[in-house]
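Each chain gets a letter, A, B and so on, in the order its sequence line appears, and its residues count up from 1. Given the structure is predicted, the values throughout are model-derived calculations rather than measurements.
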Amino acid sequence: MEEKGNNIMDEINKLISERKQKLEELRKLGVDVYPRNFSITHAISQVREKYGTLKAEEKTEETVSLAGRIMSLRGMGKASFAHMKDQTGKLQIYIREDVLGERNYQIFRKFDIGDLIGVTGKVFSTKTGELSIQVEDLTLLAKSLRPLPEKWHGLKDIETRYRQRYIDLVVNEQVKDVFCTRSLIIKGIRKFLDNLGFLEVETPMMQSVVGGAAAKPFLTHHQALDMNLYLRISPELFLKRLVVGGLEKVYEVNRSFRNEGVSTRHNPEFTMLEVYQAYSDYNGMMDLCQKMILSIAKEVLGKDDFVYQENKINLGKIPWQRFSLYELLKEHTGLDFTNIHGLSEMRKAADRLNVKYKKDSPKHKILDHIFESYVQKKLIQPTFVLDYPAEFSPLAKAKKDNPELVERFELFIGGEELANAYSELNDPVEQRKRMEKQVEEKDIGEGREAEVDEDYLRALEYGLPPCGGLGIGVDRLVMVFTNSNSIRDVILFPQMRKETG
RNA sequence: GGGCCAUUAGCUCAACAGGUAGAGCAACUGCCUCUUAAGCAGGAGGUUGGAGGUUCGAUUCCUCCAUGGCCCA
């Protein structure tokens, strides 16, 4: 129904009907407006590499074939210039009636900005020294029916950019760069871990019992099995089952889903890296994390410093600084949180510090808020924050000398939380106690049955080796490396409400 | 969930204090064989996000709704 509505809209849109008319005229002239294929000899970047040094008015004898989208047109009667664009760059083409022939030039005059074309011709340099193709043969590869955004200002409307990313990519050059960097970062992760002998695995995205984090899940239903399933909020418990099974070094680049608010740093589906290594612990994970991010920076950015949100960040000063959570809180708030125990004391501390919280916020959420407002934004250079309270970290192993704290760290760069890691709790009896307590207190996030994952506990009972686990927010890492201030700028198709109107 | 802001031609933006909406690009019709934000001439393009209200008159003021952005929860 909606589609029909859109088609009616299209029909009344003058610009589109003009192009449809041209398409019909081209058909009448015997042009296949949506042909099957086209043989390319070069990408535009290859032409530039090979002939970038041509002097003004210099010609070559090599015939090349390129394909791409028309981005601009400058007609001058019996000759025209245009720019075409492929994935690798832009190049000027020069079309003359006396070279192309009268009929083919007439056909060309029906082309529009946005059309996909193939050109065959010789590389040359114009009077002003711009590398160009003297077109000898021109083929329409696909007719474009919708006008592109303006050539100079591009597409600025943020909503349209996110909803119609295909056009954002066509007209806004930097957007492609961000997603190329994203791809390189993920490649860099795989290369780094594979070289260390880690095994990449895939675990269920649809889980009947959710775990590994406190968050509201998405619910779905399997018809044939007639059972409810949740989309995973984390792959953690499955990856640790694999370590029980003897896969000692595993990782998963995983899409996870959380049924919570959207913001500049939260998309309902997001990408994480989770890594588990048997016989290691959170110290080992700190070392791994530091080396991995540094190696990715060198590979992707070619250096170990960069600018994020007007701050210069230097990853090269190894080891990265480490502070305990309570130490940082004391330094920045003046309060000693080791003495703050109950919920009411935590509320008092928040009130005193002018930090707002919801009436039903549990203690750890309030502490998070205090940390975010007083400490997090100041952690610009890479910083490991260590030793979190045990009551907020049910899957982490307690510190040997202080059972109230766990062996856990979070990594902050540029004021953003990028990683979270612990020495994994492998005592099945202790794990059961903590899970049962969570279920009792319903401290797992709303929207799901509070349920102990019995199969996970059974796996632990067989024996999980001492193990370090590390999670890295891949979207956040891309944000930091590409200096993007919204997660929506690093996700190709961010979640939006349904389009209206 | 709350607050503030935005929504005007295909795109980017104007419109004083409420007086019937303008420009550039794109498109259209001509002219033009080294242009490059090509140029010159001409004509066209709008239910100002939607629905109500106030007013002689609303893009402008008010209410509600939709979508988006930023901040807070």
Can you tell me if [X] touches the phosphate of [N], counting only side-chain N or O atoms and a distance under 4.0 Å to OP1 or OP2?
X        : N      : result
A:Lys22  : B:rC28 : yes
A:Arg163 : B:rG68 : yes
A:Arg497 : B:rG68 : yes

Using purine N1 to pyrimidine N3 plus N6-O4 or O6-N4 for Watson-Crick, or N1-O2 and O6-N3 for G-U wobble, each under 3.5 Å, what pairs with [N]?
N      : value
B:rA41 : B:rU29
B:rU12 : B:rA23
B:rG18 : none
B:rG1  : B:rC72
B:rA51 : B:rU63

Which nucleotide, [options], lies nearest any side-chain atom of [X]?
X        : options                : value
A:Glu150 : B:rC25, B:rA26, B:rU35 : B:rC25
A:Ile113 : B:rA44, B:rC34, B:rA26 : B:rA26
A:Lys358 : B:rU35, B:rA73, B:rA37 : B:rA73
A:Thr126 : B:rU33, B:rA26, B:rU35 : B:rU35
A:Arg96  : B:rC32, B:rC11, B:rU33 : B:rU33
A:Lys78  : B:rG68, B:rU33, B:rC11 : B:rU33
A:Arg109 : B:rC32, B:rC34, B:rG69 : B:rC32
A:Met76  : B:rA44, B:rC72, B:rU33 : B:rU33
A:Lys156 : B:rA26, B:rU33, B:rU12 : B:rU12

Spell out yes or no: do the side chain of A:Ser80 and the base of B:rU35 have one donor N/O and one acceptor N/O closer than 3.5 Å?
no

Under-3.5 Å donor-acceptor pair between A:Gln92 side chain and B:rU35 base:
yes

Going by distance alone, is a donor N or O of one side chain under 3.5 Å from an acceptor N or O of the other, for [X] and [Y]?
X        : Y        : value
A:Tyr162 : A:Asp489 : yes
A:Arg146 : A:Gln164 : no
A:Tyr51  : A:Glu58  : no
A:Gln381 : A:Asn314 : no

Does the separation of the ring centres of A:Phe412 and A:Phe371 fall below 6.0 angstrom?
yes

Without decimals, in angstroms, what is the distance between A:Arg19 CZ and B:rC11 C1'?
12 Å

NA contact type, A:Glu97, heavy-atom cut-off 4.0 Å: base, sugar-phosphate, or nothing?
nothing

